[in-house]
Structure formats: C-alpha cells, structure tokens
Amino acid sequence: MALVMLFLPMLGIVVLFAFLVPVGDWLRGNWEVGTIIYFLAVVLLCGLSLIPTNVIGLLGGWAFGFGLGLLILIAAVVSAATLSYFVNRRISGRILPNVASKYVKADAIYRELMRNDIRRTTLIVFLLRVSVLMPFAFTNFLLASARVPLGSYIIGTFLGMLPRSATVVFAGAGLATLDPNETGDLTALALGLAATVASIFVISRVAGQALKKLANDEISDKQVVSAAT
C-alpha cells in the first residue's frame, strides 16, 4: 500500500498534463462553477492518492489567482487528507506498528505519534507535512496507520501544507498561459518552480532536523528506561 501511495500519483501527473491546457482554460473562463468542480476534484483525486497536490496547485493558481486559488486548494487538501485518513485507517490494520518495531528510528517516531500529547503529536504531523521528502499520499497512509488523533491530524496538515500550497499557487498565478509552447511562459514557470523548490527545501530541512531531534530524544528516553529496569 505504501508503494502504491508513492507511485500512483506519478501516473496521475501524466494524465493531468495531457489535459492541463483545456481544463485550465475552462476553469478560468467558468470560475464560478469551476471553483466548486476544482474543489471536489482535488478532494477526490488527492484523497484517493490519484494525483499529487503540487501540480494541481499550479493549475488552481493559474485559473483562480493567488488569493482564491490558495483558499480553495488548502480547504480541498485538508478535506482530501481527511478522506484519505479514514480510507487508509480502514485498510492498514496493524501493519505499521509491526514494521516500525523492527527499526529504531521508525519505532521512535511511531511512539512519539502515539503519545497522549496533542500538541506534540500535532507538531510531528506538521513536521512530516512540511518535509519535501514526504509525499502527501504516503504521509496520509503513515499517519492514518499510526492512528494519530484526528484533531492533531487536521491541524498539523493545515499548518504543514500551507507553505507548500502557497508557493505552488503563487507560481501558478504568475503564469501568463498554461501553453508549454510559449517560451516566455516557460521561463516564468522555471523561475517560479525554482523559487518554490528553494523555499520548500529550506523549510523541509529545518523540519527534518527537528523531527530527527524528536526521534533521538525518544530513543534516549527509551534507553534510560531500559537501563533503569
């Protein structure tokens, strides 16, 4: 299931790019009903791990502009994550605890997620969401399998996905057209994507260091308890 969550969205990118221009033109020309259709499509496609949030965020930014595009995207992403939470929780069973127990750091993160501390769990969800190395669909599967509290899951998802969503929508809003044959637009897209990747990488690196520290702290605490007993 984890491998499916990783690679299925890649196939969705291919399909989306095949219809990107006509879909984008229609959404922009019919934005009143287009916002509703876009929202429902993001919830369904991202919630079922059929498409990544980044590319569809570019589409929303171009079709609706930065402000409206970000509002719709982040609402849809959180809704999609919630849908995915219940689907993955239903099918994952006890797989994650059994696998995580075989790896020290994975087990440490799992134990941190299972702690009865809402603020700490929310922080870990936030750090996982911010990390560029953790795809949206795979993180949904991981957190649902870990049985994290739904409140921490939603809040951490909203806060963690907001920076990434904002940068992607901003890049899309700066495009003059979705037509890849426009050289000037390709330059703008390249610059926008470069800025997006750079900002996400910086935030992700900070989040990764914080997550690593949490795991090491948990391992140290476990070793102290084992030594005491």
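In this chain, residues are counted from 1 in sequence order. It should be emphasised that the depicted structure is a prediction, and the values quoted were computed from it without experimental measurement.
The minimum heavy-atom distance between Gly57 and Val168, with the atom names listed, is C-CG1, 3.6 Å. The shortest non-hydrogen separation linking Gly69 to Val169 is C-CG1, 4.0 Å. Here the shortest heavy-atom pairing between Asn88 and Ala144 reads CB-CB, 3.6 Å. The shortest non-hydrogen separation linking Ala63 to Gly24 is CB-O, 4.3 Å.
The side chain to side chain donor-acceptor pair (under 3.5 Å) test applied to Ser152 returns Thr122, not counting sequence neighbours. Partners of Leu159 under the side-chain contact (heavy atoms from CB on, under 4.5 Å) rule, at least two apart in sequence or in another chain, are Phe126, Ile155. Under the rule for a side-chain contact (heavy atoms from CB on, under 4.5 Å), the partners of Thr139 that lie at least two apart in sequence or sit in another chain are Leu128, Arg129, Met134, Leu143.
Side-chain atoms of Thr53 and Ser165, non-hydrogen and from C-beta on, never get closer than 4.5 Å to each other.
One finds the CZ atom of Phe158 at 12.5 Å from the OG1 atom of Thr82 (value rounded to the nearest 0.5 Å). Taken from CG in Leu83 to CG in Leu48, the straight-line distance is 5.5 Å, to the nearest 0.5 Å. Leu59 CG to Phe64 CZ: the interatomic distance, rounded to the nearest 0.5 Å, is 7.0 Å. Atoms OH and CZ, on Tyr85 and Arg90 in that order, are 14.0 Å from each other to the nearest 0.5 Å.
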### Task
Could you walk me through whether Trp62 and Asp25 pass side-chain contact (heavy atoms from CB on, under 4.5 Å), step by step?
CA-CA 9 Å; Trp62 184 84; Asp25 288 340; 3.3 Å; yes
Check residues 35-46 and write down every donor-acceptor pair under 3.5 Å in which the side-chain atom is one partner and the other belongs to a residue at least two apart or another chain.
| residue | atom | partner | partner atom | Å |
| --- | --- | --- | --- | --- |
| Thr35 | OG1 | Trp31 | O | 3.3 |
| Thr35 | OG1 | Glu32 | O | 2.9 |
| Tyr38 | OH | Ile56 | O | 2.6 |

For residues 70-78, which side-chain N or O atoms pair as donor and acceptor with protein atoms under 3.5 Å away, sequence neighbours left out?
none

